Structures are given as structure tokens and as C-alpha cells.
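Throughout, a chain's letter reflects where its sequence line sits, starting with A, and its residues are numbered from 1. Every value quoted in this text rests on a predicted model; they were computed, and no experiment measured them.
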2 protein chains.
Amino acid sequence: MAKFKLDEIDHQILDMLIDNTRVPFTDIAKKLVISAGTVHVRVKKMEDAGIIKGSSLTLDYKQLGYSFIAYVGVFLQKTSQTKFVLERINEIPYVTVAHITTGKFNVFCKIRAKNTEHAKDVIFMIDDIEGVYRTETMISLEESLNDKKRLMHSIFNEM
Amino acid sequence: MAKFKLDEIDHQILDMLIDNTRVPFTDIAKKLVISAGTVHVRVKKMEDAGIIKGSSLTLDYKQLGYSFIAYVGVFLQKTSQTKFVLERINEIPYVTVAHITTGKFNVFCKIRAKNTEHAKDVIFMIDDIEGVYRTETMISLEESLNDKKRLMHSIFNEM
DNA sequence: GGTGAAACTTCTAATAA
DNA sequence: TTATTAGAAGTTTCACC
């Protein structure tokens with residue numbers, strides 16, 4: 001993970017790919033007035049450097065029947081159990097992301113479920129993990145994802 | 001957004017694309033023993049139906065100098081201001097996702113910042129929004145993302 | 001629905017600058 | 001480092017199952 005300095009061309013390439021990973025390199029090349037070979041080399045370099053960790057689809061989970069989102073704060077009996085509990089939590093597929101946090105909770109995670117009934121099952125799974133003392137749930141009534149592009153622009157414009 | 005029934009082939013296609021959106025359709029076709037044309041048509045159909053909302057790169061934000069993650073709970077003076085405040089919050093590029101929630105907070109969001117100093121600025125931006133009464137921050141010491149594939153498998157295996 | 005092949009487009013690696 | 005190039009590979013359409 002060597003420190004890697006991105007230049008303006010790299011930013012522009014990421015800028016096009018972050019919205020649509022299947023944009024042809026020839027399109028990127030045309031827009032940036034460079035060759036497709038250069039785009040290819042640069043993307044490869046960013047992949048090798050680990051800046052680009054991968055690519056993924058954005059699916060409509062609502063349409064797949066998963067419209068329930070909640071955050072679950074987890075209290076542990078002992079802080080030393082954090083790693084163990086985190087691992088168990090990450091085994092639950094309905095947990096999309098988990099954190100070790102400062103503040104009142106030891107672990108904090110986001111879950112995605114079908115409905116309240118299903119969410120209850122998921123929360124009980126968490127409650128049942130050895131070392132978990134108590135959980136506190138916060139239900140999302142509406143989620144708004146912010147465009148990754150905007151964060152990227154902020155990052156680039158100050159580098 | 002017509003109800004759209006995915007079959008086993010669709011699942012397999014998504015399964016391959018979710019890990020790497022640039023997998024050639026010919027590779028998918030080979031693996032599923034169907035023609036590349038079929039893969040193409042099916043992906044297009046899922047895009048048209050909105051199941052596939054898009055594709056995006058996974059970047060290493062740590063390497064880009066953004067290693068700070070926190071969740072910020074927002075208390076409002078009046079619940080009626082929720083929509084307005086949510087919009088203002090979403091204008092901040094360092095906010096990656098925001099929710100309207102039940103429970104103690106009115107709005108709950110995730111932020112990504114360079115460091116504690118920068119996070120302070122971001123939190124102050126939120127505090128400064130008209131209608132925001134108070135915020136409460138929870139700092140992530142460690143984040144572990146769960147594999148999307150696992151949620152997808154759970155979704156598919158029960159449909 | 002799906003196929004297979006044709007026509008077209010894109011990728012990639014080697015070479016040259 | 002970047003550009004060019006050419007052969008390999010991938011995409012997309014379409015006539016036909």
C-alpha cells in the first residue's frame with residue numbers, strides 16, 4: 001500500500017467510472033483526449049495500488065423485498081469480547097456493516113431486513129450472541145444515499 | 001417499477017457481477033452455459049426493471065486520506081423541520097448517508113472525514129443547520145463491511 | 001423466451017517515441 | 001510516461017429456433 005499520488009487525469013477517470021463502471025475506456029479516452037491504452041494503464045495502476053478496491057452493482061433492495069433498514073447498538077458484558085462479538089455479527093448476512101465504536105455502544109451495526117417481523121429475528125440473532133448484554137435499535141424511516149461523486153470531488157479538490 | 005421475478009439464471013448473473021462489474025458477459029455465458037446474447041438481454045432487463053440501479057467503484061478512502069468515520073445523531077427543535085434539515089445535511093459531501101429515524105434522534109447520518117479536526121468541522125456544519133437543536137456523535141474505531149454477496153444469497157435462497 | 005453468427009466495438013500488450 | 005497499433009476479445013443485434 002505505497003503512498004500513491006493521483007493526478008488530474010486519474011481523478012477524471014475515477015470520476016467517470018464511479019458512476020458507471022462499465023463505461024468503455026475508449027469513451028474515457030475520447031473525453032480526456034488521451035489514448036485508451038493510457039486509460040487502461042492508469043486504471044490498472046490504481047487497482048494495483050489498491051486505490052480501486054473493486055466494483056459492485058447497486059441493487060434495488062426494496063424491489064427485492066428488503067425494505068427495512070435499522071441501526072442496532074450493541075452493549076457488551078465486557079469490552080474484551082468486542083472482537084468476538086463483531087465476528088459473530090458479521091456472520092449474519094442481514095448485517096451490512098458493523099463498527100466498533102466509542103460512546104455508549106461497544107458495537108454498532110446496520111441491518112437490512114424484509115420487514116419488522118424479519119428485523120426482529122435479526123435483532124434476536126444479535127441478542128443471542130455470547131457476550132451481548134443488550135441492544136438498542138433505531139429504525140430508518142427513510143434513507144438517502146449521498147452521491148459518491150461529491151465526496152470524491154471534495155477529496156480531489158483539496159489534494 | 002413493475003414487479004419482476006428473477007430466476008436462477010438472473011441470480012447467477014448478479015452473483016458474478018456483484019463482485020466485479022467488469023466481468024465479461026462471455027465469461028458469465030460460459031460459466032452458465034448460455035449465450036453471451038442472453039446474458040446481455042437479461043442484464044438489460046434487470047437494468048430496465050430497476051433491480052440493477054447502477055454500478056460503482058469501491059475506493060480505498062483510507063488511502064485517499066479519509067480514514068475517519070462517525071455516525072451523527074441529530075435532534076431537531078421541531079419534527080416538522082425534518083425534511084428541510086435532511087436536505088441541508090445531504091448537501092454536505094462528507095455525509096455519505098442520512099436517515100430519518102425513529103427513537104431519540106430525528107435524523108441520523110454517517111460521515112467520512114480526514115481526521116478528528118476535519119470531523120469537527122463537518123459536525124459543526126450539521127450543528128449550524130437551521131432547526132438543528134443538538135447532535136450526538138459516535139466515532140467508529142473500526143469498520144467491517146459485510147459482503148454483499150451473502151445478503152444476496154440469503155435473499156435468493158428464500159424467494 | 002433462447003441461440004449462434006455477423007458486424008461492430010473495445011481491450012490489451014508490445015513496440016515505439 | 002504516453003501513444004500507436006494490431007490481434008484478441010467482448011458486445012450487441014438479428015434472423016431463426
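Counting non-hydrogen atoms under 4.0 angstrom, Thr26(B) reaches a base of the nucleic acid.
For the pair Ile28(A) CD1 and dA3(D) P, the computed distance is 14 Å after rounding to whole Å. If you measure from atom NZ of Lys44(A) to atom P of dT2(D), you get 16 Å, rounded to the nearest angstrom. Remark: P of dT11(D) and CG of Asn20(A) are 13 Å apart, rounded to the nearest angstrom. Note: NZ (Lys30(A)) to P (dT9(C)) measures 9 Å, nearest angstrom. The CD1 atom of Ile9(A) sits 13 Å away from the C1' atom of dA3(D) (whole-angstrom rounding). Taking atom CD on Glu8(B) and atom P on dG1(C), their separation rounds to 17 Å, with Å as the unit. Residue Met46(A) contributes atom CE, which lies 12 Å from atom P of dT1(D) at whole-angstrom precision. Residue Phe25(B) contributes atom CZ, which lies 18 Å from atom P of dG4(C) at whole-angstrom precision.
His118(A) has its ring centre less than 6.0 Å from the ring centre of Tyr66(A).
Close to dT2(D), at under 4.0 Å from its OP1 or OP2, lies no side-chain N or O of Ser35(A). For the OP1/OP2 pair of dG1(C) and a distance below 4.0 Å, the side-chain nitrogens and oxygens of Arg42(B) include no atom meeting the criterion. Phosphate contact (OP1/OP2 of dC11(C), side-chain N/O of Arg22(B), threshold under 4.0 Å): present. A close approach under 4.0 Å does not occur between any side-chain nitrogen or oxygen of His40(B) and OP1 or OP2 of dT11(D).
With distances taken from any side-chain atom of Lys45(B) to the nucleotides dG1(C), dC11(C), dT2(D), the minimum falls on dG1(C). Counting only heavy atoms from C-beta on, Ile34(A) has its side chain closest to dA3(D) among dT3(C), dT2(D), dA3(D).
Look at Asp121(A) and Lys114(A) and you find no salt bridge, because none of the NZ, NE, NH1 or NH2 atoms lies under 4.0 Å from a carboxylate O. Residues Arg88(B) and Glu91(B) are paired through a salt bridge, judged by an N-O separation under 4.0 Å between the basic side chain and the carboxylate.
Under a 3.5 Å cut-off, the side chain of Ser55(B) and the backbone N or O of Leu57(A) do not form any donor-acceptor pair.
Around the NZ atom of Lys44(B), the shell of radius 6.0 Å holds no more than 12 heavy atoms that belong to other residues, nucleotides or ligands.
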